[in-house]
Amino acid sequence: MNSDTQLDFAVDFAGRVVNWQQQHGRHDLPWQKNRDRYRVWVSEIMLQQTQVGTVIPYFERFMARFPRVADLAAASSDEVLAHWAGLGYYARARNLHKAAKQVVQEWAAEMPAEQEALLALPGIGRSTAAAILSLTDGVCLPILDGNVKRVFARHAAIAEWTGALKTQKQLWALAEARMPADDARAYNQGLMDLGSQVCRRSKPLCEQCPVAGDCKARELGLTAQLPSPKPKKVLPQKSAAFLLLLNSDQELLLQRRPSAGIWGGLWCLPQYDDKAELKNALRHQYQNLAEPQPLAPLQHVFSHYKLSLEPYQLSLGRNSKMLTIAEQNERWVPFAALADYGLPAPILKLLNREFAALDLA
DNA sequence: CAACCGTGGCA
DNA sequence: TTGCCAAGGTT
């Protein structure tokens, strides 16, 4: 227990968080420099369900290529997705791109400063809108991300899983009640910093916490038990066949995936339900009766199912008929150019495994 | 309203 | 190695 904590005990919850943030919080994250609504927006979207350390290099590359919202709006969706490849949740990138175009059209390329206007943009919900406005302009709006939920679940000893709708409502009410009239930026940033640095999921540093003095979980000895884990369910195991089709120029066939569903809008190996469907496509789409060579399967786990990727390789001979491919959604891609395409992480892993000498990405 | 949407860090 | 889950939003 340090002296700051003792002194601060007389101050209200928000005041203690603000004081702590100013002394011990984070002030040098990339999106805290040259702070504006566009930069903070991009960071907030990238940080959704994604850790800070993972986001930083993506953010730097993204901002170097798309420094202003107009640059993003003017870019092709392929290029935007390529800058997102590897981050996951690709609807975030598609929504970000669509919203950037809206900002250019409807707001003269200036990110609006009203929460209502931000909420009308795809991909921005209540917490993200509040984060953008409070962290840039100091607007007093509460946020509720994973960090804040954990801090509140412990400080108020909320036992129910924070993902339950009922609990979310309760947490929003608490967030509103505790929102101070001033210092919104330091307060909201402080709650997030507290959650990530002190009120951590495991091994929380309660002796460094400015609000430990009236923390209910600490009082009840429940800190390690809260927040309650998500009720677990068994992930369904699925499998899919992937075609590695090479032409005589050593180019690989890629297909653009539909925008809905997993890996929406990304370029990928042609995917089929199973080997039979793959051979069917080889026969009818690609006029080839040769037997594709099965390669070792690759296991991948998503948030809601497990997928066994079953790759099949086929090299077309010099005499093979020139294939007619759908220009919009299919392409022959030289290995050297694969890095320019936003390939899903497990596909990239698969290609690296099979063609290690190429050293992709 | 619960399912869906990716990937990597970490214990 | 395995499982949990992170600066959530959309449908």
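Order of the sequence lines fixes the chain letters, A, B, ..., with proteins taken first and strands second; residue numbering starts at 1 for each chain. Since we're looking at a predicted model, the values are computed, not measured.
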Nucleotide nearest A:Arg92 when distance is taken to its side chain, options B:dG6, C:dC4, C:dG9: B:dG6

Sugar-phosphate, base or nothing in reach of A:Val55, heavy atoms under 4.0 Å: nothing

Same apolar cluster: A:Val198 and A:Tyr187, side chain cutoff 4.5 Å: yes

Below 4.0 Å: OP1/OP2 of B:dC10 and any side-chain N or O of A:Ser202: no

Selected nucleotide, minimal atom distance to A:Arg201 side chain, candidates B:dG9, C:dA7, B:dG6: B:dG9

Phosphate OP1/OP2 of C:dA7 contacted by A:Gln48 side-chain N/O (<4.0 Å): no

Donor-acceptor pair, side chain of A:Arg37 and main chain of A:Met111, under 3.5 angstrom: yes

Touch class at under 4.0 angstrom, heavy-atom based, for A:Ile143 against every strand present: nothing

A:Leu135 CG - C:dA7 P separation (whole Å): 14 Å

Geometric class of the A:Phe302/A:His300 ring pair [parallel <30°, tilted 30-60°, perpendicular >60°]: perpendicular

Rounded distance (Å) that lies between atom P of B:dG8 and atom CZ of A:Phe302: 11 Å

Along DNA chain B (nearest heavy atom to each residue), the more 5'-positioned of A:Lys169 and A:Gln49: A:Lys169

Proximal nucleotide (of C:dG8, B:dT7, B:dG9) relative to the A:Thr54 side chain: B:dG9

Touch class at under 4.0 angstrom, heavy-atom based, for A:Leu266 against every strand present: nothing

Length of the CG-C1' vector between A:Leu87 and C:dG9, whole Å: 16 Å

Short side-chain N/O contact to B:dT7 OP1/OP2 from A:Tyr90, under 4.0 Å: yes

A:Ile124 or A:Gln189, whichever maps to the more 5' nucleotide of DNA chain C: A:Gln189

Nearest listed nucleotide, side chain of A:Arg150, among C:dG3, C:dG9, C:dA7: C:dA7

Side-chain N or O of A:Trp263 closer than 4.0 Å to phosphate OP1/OP2 of B:dT7: yes

Separation between the P atoms of C:dG9 and B:dG8, rounded to whole Å: 23 Å

Residue met sooner reading DNA chain C from 5', once A:Gln32 and A:Pro122 are mapped to nucleotides: A:Gln32

Touch class at under 4.0 angstrom, heavy-atom based, for A:Thr128 against every strand present: sugar-phosphate

Sugar-phosphate, base or nothing in reach of A:Gly261, heavy atoms under 4.0 Å: sugar-phosphate

Side-chain N,O (A:His300) to OP1/OP2 (B:dG6) below 4.0 Å: no

Output field: ring centroids A:Phe62/A:Phe66 closer than 6.0 Å: yes

Plane angle bin for A:Phe242 and A:Trp263 - parallel if under 30°, tilted between 30 and 60°, otherwise perpendicular: tilted

Euclidean distance, atom CG of residue A:Asn95 to atom P of B:dG6 [Å, nearest integer]: 11 Å

Whether A:Trp41 and A:Tyr38 hold their rings parallel, tilted or perpendicular, with breakpoints at 30° and 60°: perpendicular

Separation between the C1' atoms of B:dC1 and C:dG8, rounded to whole Å: 16 Å

Sugar-phosphate, base or nothing in reach of A:Ile262, heavy atoms under 4.0 Å: sugar-phosphate

Backbone of A:Ile56 reached by a side-chain donor or acceptor of A:Glu60 within 3.5 Å: no

Sugar-phosphate only, base, or nothing, as touched by A:Lys230 at under 4.0 Å among non-hydrogen atoms: sugar-phosphate

Value in whole Å for how far the C1' atom of C:dA6 lies from CG of A:Asn147: 8 Å

A:Gln51 CD to C:dA7 P, straight-line distance once rounded to whole Å: 7 Å

Sugar-phosphate only, base, or nothing, as touched by A:Trp31 at under 4.0 Å among non-hydrogen atoms: base

Enclosure of A:Glu114 CD (heavy-atom neighbours >12, cutoff 6.0 Å): no

Sugar-phosphate only, base, or nothing, as touched by A:Arg94 at under 4.0 Å among non-hydrogen atoms: nothing

Interatomic distance where CD1 belongs to A:Ile45 and P belongs to B:dT7 [whole Å]: 18 Å

Between C:dA7 and B:dA3 - P atom distance, rounded Å: 23 Å

Distance, rounded to the nearest Å, where A:Met46 contributes CE and C:dA6 contributes C1': 16 Å

Of A:His304 and A:Ala164, the one whose closest DNA chain B nucleotide lies more 5': A:Ala164

Sugar-phosphate, base or nothing in reach of A:Ala131, heavy atoms under 4.0 Å: nothing

